[in-house]
Amino acid sequence: MSEVGTYDVVDGIGVITVDNPPVNALGVKTRVALDEGFRKFADDPSVKAIVLTCGGRTFFAGADISEFGKPPQGPNLHEVMALVENLKKPVVAAIHGTALGGGFEVALVCHYRIAVPSAKVGLPEVALGLLPGAGGTQRLPRIVGPEAALDIMTGGKPVGAKKALEVGMIDALATEGQLREDGIAFARKLLMEAKPLQRVRDREDKIADFRGKPEFFDGYLARNARAFRGLKAPVNITRAVQAAVDLPFDEGMKRERELFLELVSGPQSAALRYYFFAERQAAKIPDVPADTPKLPIRKVGVIGAGTMGGGITMNFLNVGIPVTLVETTQEALDRGLKVIRRNYEGSAAKGRMTQQQVEERMALITPALSMDALANVDLVIEAVFEEMGLKKEIFGKLDKIVRQGAILASNTSFLDIDEIASATSRPEWVVGLHFFSPANVMRLLEVVRGAKTSKEVIATSMDLGKTIGKVSVLAGVCFGFIANRVMSKRSLAANELVLRGPTPQQIDKALFDYGFAMGPFAMTDLVGLDVIGRGSGERTLNGDLVALDRLGQKKNGGYYDYDEKRKASPSPVAAKVIEDFAAYKGIERGLTLSDEEIVGRLLFPVVNEGVKLLEEGIALRASDIDVALILGYNWPAFTGGPMHWADSVGLQKVVDSLRSMGIEPAKTLVERAQQGGALAK
Ligand code: T1G
């Protein structure tokens with residue numbers, strides 16, 4: 001008897017309801033419930049049609065990802081789906097919440113699909129390094145056509161119900177709050193119309209024109225080469241859809257299975273499935289229970305309308321939270337407001353929002369020239385120049401102005417939160433909220449916990465990330481917290497290595513081929529050598545280039561030369577500067593390394609610093625470091641992040657390489673290597 005399925009009959013309509021929290025994943029309990037329910041109604045002559053629906057917050061949200069890699073249990077999903085698809089009675093999927101992955105694939109074996117307007121449907125398996133392996137690549141093209149199907153599956157984004165109706169993913173919209181009744185009514189209407197039943201698998205009209213046209217699929221991959229770079233799943237999805245078009249259904253299903261098994265057994269999917277849970281694990285703070293009270297954040301104050309302050313402000317405007325934006329001069333305020341408006345107008349120009357939404361968001365800003373305007377906000381985020389004296393002065397004033405019970409946060413990217421808190425009488429209300437530039441885009445929010453920060457403030461700050469569409473990662477107080485601290489080791493290693501022989505382009509190419517969007521030298525040229533800084537007074541390689549007025553892409557080139565279209569080419573000038581600086585440092589040149597060795601030289605020190613963060617208690621767990629770097633620095637997610645990647649490389653190899661570079665491996669790293677253990681479970 002199923003623990004999570006209920007089956008009732010309403011005037012000849014069988015209703016199967018599955019309620020398996022938290023998201024009705026298609027784990028063994030859910031599959032048993034489906035198998036039981038459909039067998040029961042298949043054999044019951046009084047049942048003329050069936051409605052499939054779910055309890056709780058959502059229709060099936062996909063296969064149970066935690067079951068992957070474990071021995072299969074209970075009825076096989078494909079068998080249950082075949083049972084449904086071959087019923088001689090109409091089956092209606094009644095969808096709410098997010099019918100994703102295997103969840104939407106189950107809906108595709110039903111004869112019809114209805115959904116409430118707030119529902120979303122989709123096939124996001126690509127985010128797990130997979131393809132829809134329960135027939136999605138074979139059925140979706142049959143109802144929306146191969147072009148739309150490819151975009152839906154390689155993009156992986158959920159599709160809102162209204163759009164889903166337009167493209168044919170669903171057949172009708174239900175009314176919010178009466179999905180079950182509408183499902184029954186829809187089924188009853190089918191019986192009255194007595195239309196012949198058609199299985200999705202038998203529909204050919206949308207795919208016939210693409211049969212025997214490999215050039216369409218090759219062209220799709222060529223057009224998306226940049227977006228799909230390094231990724232296996234989008235390629236396999238494309239080939240599976242090509243099979244759907246060219247092969248009889250059952251053969252297409254076999255091809256889908258082959259392409260799925262290739263992915264599910266590969267390192268990219270293992271890394272992305274690991275990362276799926278890592279993102280959710282980051283929300284769990286051992287000494288701050290999930291039921292810790294969270295403070296309502298209804299009004300926010302932001303101090304500083306520069307690049308960071310403006311980006312931070314937009315996060316709150318985007319979710320309807322008003323912001324009082326404080327600057328010291330009207331000119332600075334106007335400049336900040338102009339940048340925010342320009343960002344929104346840009347989105348509107350791309351059709352991502354309406355002009356009305358632009359105005360609505362801008363109207364949520366209250367510009368102010370005095371911090372007195374922050375007296376009644378729930379949260380203040382300071383985003384001024386990175387100078388401790390200035391920050392302490394501001395927090396001292398905030399302490400006198402802002403109501404008790406408000407959170408006082410600093411967006412500082414490396415300064416000591418405890419020292420900032422010491423400027424107030426309420427250190428338990430002080431926390432770091434470290435956004436990453438561009439703050440309205442990057443999804444990482446480092447929540448920096450001061451020695452006295454209260455648990456309520458931590459709980460509220462962690463939850464705030466989710467509210468504004470980010471992932472919060474808790475960090476302790478140290479220079480650079482998590483992401484900046486570990487990634488500074490990559491910059492250091494790159495600047496060291498380039499003096500020994502490998503060129504900026506060799507180093508950048510090695511990291512580009514590893515999966516980064518660009519390497520450290522191309523990034524420095526993009527950001528600007530003057531912005532990256534000349535170091536604290538001593539002569540640096542960067543400083544020598546800046547001294548030649550080589551500021552990067554924006555002026556005279558930097559590590560590369562640029563043509564008028566900003567196309568980079570190796571720079572003889574930069575090469576000379578590098579040689580001279582190496583001579584000044586007394587460093588011998590002529591080292592030649594393979595790409596793999598370059599990657600190790602730059603990234604193993606990052607792993608080592610990550611282990612030190614764990615030893616110092618700055619990061620709670622290795623997977624938090626992976627989340628921080630993937631979301632804060634675009635570390636390629638298909639590697640799982642530095643710590644998961646180090647496990648896949650082998651910790652002993654990391655230890656040996658560090659030693660060959662003259663870097664002392666962290667104690668825990670050496671121990672784990674000796675034990676044959678792992679850093680990130
Ligand atoms: N399997 C197992 N656990 C899952 C899960 C899943 N598919 N989805 C969510 N959870 C857990 C999650 O770990 C968390 O647990 C809790 O549910 C709430 O999730 C054959 C092969 C549905 C939009 O990719 O996108 O089907 O931390 O915090 O923000 O072709 O979860 O509470 O212990 O994310 O409201 C395809 C993945 C699978 C959907 C809800 N499906 N899930 O978001 O809550 S592969 C997906 C999501 C597949 C088939 C293929 C989101 C959500 P805990 P949450 P949320």
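The basis for the numbers below is simple: all heavy atoms, side chains too, and nothing from hydrogens, waters or symmetry mates. Whatever order the structure lists them in is the order used to number ligands and atoms, beginning at 1.
Y275 and S623 are not linked by any side-chain donor-acceptor pair at a separation below 3.5 angstrom, with hydrogens and angles left out of the test. E456 and T292 share no donor-acceptor pair across their side chains, judged by distance under 3.5 Å alone.
F436 is linked by a ring-ring contact (aromatic ring centres under 6.0 Å, His included) to H434, counting only residues two or more places apart in sequence or in another chain.
Cation-pi check for R280 over F276 is met; the charged atom lies under 6.0 angstrom from the ring centroid and within 45 degrees of its normal.
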As a test of reading the model: which N/O atoms of the protein lie under 3.5 Å from N/O atoms of ligand 1, and at what distance?
| residue | atom | partner | partner atom | Å |
| --- | --- | --- | --- | --- |
| ligand 1 | 1 (N) | A63 | O | 3.4 |
| ligand 1 | 1 (N) | I65 | N | 2.9 |
| ligand 1 | 7 (N) | A63 | O | 2.9 |
| ligand 1 | 26 (O) | A63 | N | 2.8 |
| ligand 1 | 26 (O) | G102 | N | 2.8 |
| ligand 1 | 27 (O) | K284 | NZ | 2.8 |
| ligand 1 | 30 (O) | E105 | OE1 | 2.5 |
| ligand 1 | 30 (O) | E125 | OE2 | 2.8 |
| ligand 1 | 30 (O) | G133 | N | 2.8 |
| ligand 1 | 34 (O) | R280 | NE | 2.7 |
| ligand 1 | 34 (O) | R280 | NH2 | 3.2 |
| ligand 1 | 35 (O) | R57 | NH1 | 2.8 |
| ligand 1 | 41 (N) | A61 | O | 3.0 |

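At a threshold of 4.0 Å, the pair D250-K254 does not count as salt-bridged, since none of the basic side-chain nitrogens sits closer than that to a carboxylate oxygen. Between E67 and K70, none of the side-chain N atoms (NZ, or NE/NH1/NH2) sits under 4.0 Å from a carboxylate O, so this pair counts as no salt bridge.
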